[in-house]
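Residue numbering restarts at 1 for every chain, and letters A, B, ... go by the order of the sequence lines. What you see below is based on every heavy atom in this structure, not just the backbone, and it leaves out hydrogens, waters and symmetry mates. What you see is a predicted model, and the numbers here were worked out from it, not measured in a lab.
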2 protein chains.
Amino acid sequence: MTDSATASRPPKRERLVESARDLLYEQGVQRTTLAQIAERADVPVGNVYYYYKTRDELVHAVIESRLERIREVLGELDRRSSPKARLKALTSAWTDEGAQVAEHGCPLGGLVYELNKDHSPLSEEGAQLMRELVDWSERQFRELGRRDAATLAFSLISSIQGAALLTNTFHDESLFRREVRRLGRWIDSI
Amino acid sequence: MTDSATASRPPKRERLVESARDLLYEQGVQRTTLAQIAERADVPVGNVYYYYKTRDELVHAVIESRLERIREVLGELDRRSSPKARLKALTSAWTDEGAQVAEHGCPLGGLVYELNKDHSPLSEEGAQLMRELVDWSERQFRELGRRDAATLAFSLISSIQGAALLTNTFHDESLFRREVRRLGRWIDSI
DNA sequence: GTCTATATAGCGATAGAC
DNA sequence: GTCTATCGCTATATAGAC
């Protein structure tokens, strides 16, 4: 038994990233303290530094975790038969979390916004989250034979991100659903 | 001479709001300290509290300043002859600041994003910034005879906000210009 | 009204016992 | 590997001289 005392709980290192991921989303990067992260992960504060030497290193782990999740989701979407079906399935991925978007905004958009203000390598790592989405979308539009695929991809992800911001601002999930439905029709019309 | 020593400089209270407005935009709300605000305004730190009892009160003043400016700009746009011209002029207001958007994001969007995470009255005050833009846009679309004016207004402001986020993320002003041109054509097509 | 000096609290990070 | 205790710093905010 190399695991910790209480049987099958995920090891501390993993618990810390999960806790950080959730808190960074709910409260924002700047407002979240190591004490809060440690408390939710049920790890003593001082012990955090055994797993992550600095706060930034922990934030880095969260970005990596988000990046892996994005690639995982996009990989699943790639199994769908047509580019249009894939693009529409992407938008559905957001509406599935509509309630959380209304409460806390887009998990990716918020993170990226804050990292944009950061003068560290984290900023560029955050940008990669968006690049992944835009590039994947661009490939779909290109498969549809659009030469302006890059522009369309930028428009699509932009619209979703902006809709998430306003939805969060007005705390009204229905706004998000309506806008994403609109984007679905737009994709169909292409 | 009731003014300060160096003749015609704006009074300190005003200098503080201006300094705070700029720094909150450039660095974000959370990262900006009173010391930085005071320094840029050329006011001693301790003296800030003579003009604003708390930090939140100063942030409140910045929101009010932004709100006034929005109403001022929208008031000027109202002088244009057609709703379409007014809507397109609104989008131009953003591209005029394209370089800054690429560097720091949208001055309103960033502020609103951060205030959304705030558990204070400032959050609702921030929402009013967006409401002002959406409501004004909705009136224009309604004048165009659109019954889905509310939806279209939401889409327009969403797209601009999302485009600003991605433009800031990729630090490429041309992305913003291209997307706003696209929105201009969309307005024309309505 | 204006300024300096300082109180107070909370943060990230470290040292070292176990 | 795990934990407690605490350092050092910086932030907001206050007290009080001028």
Side-chain angles (χ1 to χ4, degrees), chain A residues 1-21 23-24 26-63 114-115 117-123, chain B residues 1-21 23-24 26-63 114-115 117-123:
Chain A
M1 162 155 169
T2 76
D3 212 345
S4 73
T6 43
S8 60
R9 246 188 342 170
K12 300 194 175 184
R13 194 182 159 85
E14 193 177 329
R15 289 214 308 276
L16 280 169
V17 195
E18 284 175 14
S19 163
R21 178 177 27 71
L23 280 167
L24 262 47
E26 296 166 17
Q27 305 189 333
V29 181
Q30 290 295 321
R31 310 179 92 100
T32 301
T33 69
L34 285 178
Q36 294 173 325
I37 294 170
E39 190 190 2
R40 187 178 289 202
D42 199 24
V43 169
V45 216
N47 198 2
V48 172
Y49 290 91
Y50 174 75
Y51 299 99
Y52 296 97
K53 277 188 278 292
T54 63
R55 187 186 191 274
D56 275 8
E57 224 172 87
L58 182 47
V59 174
H60 168 77
V62 169
I63 299 173
E114 289 201 60
L115 295 174
K117 301 275 184 210
D118 207 304
H119 296 152
S120 80
L122 293 177
S123 181
Chain B
M1 164 157 174
T2 77
D3 214 347
S4 75
T6 43
S8 60
R9 244 180 354 159
K12 300 195 173 180
R13 194 183 159 85
E14 193 177 329
R15 289 215 308 276
L16 281 169
V17 195
E18 282 173 17
S19 163
R21 179 180 22 74
L23 281 167
L24 261 46
E26 295 165 18
Q27 306 189 334
V29 181
Q30 290 295 319
R31 311 178 92 101
T32 300
T33 69
L34 284 178
Q36 293 172 325
I37 295 170
E39 190 190 1
R40 186 178 290 203
D42 199 25
V43 168
V45 217
N47 198 1
V48 173
Y49 290 93
Y50 175 76
Y51 300 99
Y52 298 98
K53 276 188 280 294
T54 63
R55 186 184 192 275
D56 275 8
E57 223 171 89
L58 182 48
V59 175
H60 168 78
V62 169
I63 300 174
E114 289 202 60
L115 294 174
K117 300 275 187 211
D118 208 305
H119 296 151
S120 79
L122 293 178
S123 181

dist A:E26:CD -> A:R21:CZ (nearest 0.5 Å) comes out at 10.0 Å

Looking only at heavy atoms, the pair that brings A:L122 and A:L115 closest together is O-CD1, 3.8 Å

Residues of residues 36-50 of chain B with a heavy atom under 4.0 Å from any atom of DNA chain C, listed by number, are B:P44, B:G46, B:N47, B:Y50

With the side chain defined as heavy atoms from C-beta on, A:T33 is closest, among C:dC11, D:dC3, C:dC3, to C:dC11

From CD of A:E14 across to C1' of D:dG1 the rounded distance in Å is 17 Å

Interface polar pairs with nucleotides 16-18 of chain D, N/O, under 3.5 angstrom:
none

Interatomic distance, CD@A:Q27 vs CD@A:Q36, rounded to 0.5 Å, equals 4.5 Å

B:E39, CD atom: more than 12 neighbouring heavy atoms under 6.0 Å: no

Closest heavy-atom pair, B:T32 versus B:L23, reported as atoms and distance to 0.1 Å, is OG1-O, 3.3 Å

To the nearest angstrom, the CG-P distance between B:L34 and D:dT14 comes to 11 Å

Rounded to the nearest 0.5 angstrom, the CG-CZ distance for B:L16 and B:R13 is 9.0 Å

Per the under-4.0 Å heavy-atom filter, residues of residues 52-63 of chain A near DNA chain C come out as A:T54, A:R55

Q. Do the side-chain N and O atoms of B:S120 and B:D118 include a donor-acceptor pair separated by under 3.5 angstrom?
A. yes

A:A35 and A:V45 have their tightest heavy-atom pair at CA-CG1, 3.8 Å

query = With a cut-off of under 6.0 Å to the ring centre and 45° to the axis, is A:R55 in cation-pi contact with A:Y49?
reply = no

On a heavy-atom basis, the closest approach of B:L34 and B:L58 is CD2-CD2, 4.0 Å

Separation of C:dG10 atom C1' from A:Q30 atom CD, nearest Å, is 15 Å

Tightest non-hydrogen contact, residues B:V62 and B:A20, listed as CG2-CB, 3.6 Å

Between CG of A:L16 and C1' of D:dT2 the distance, given in whole Å, is 13 Å

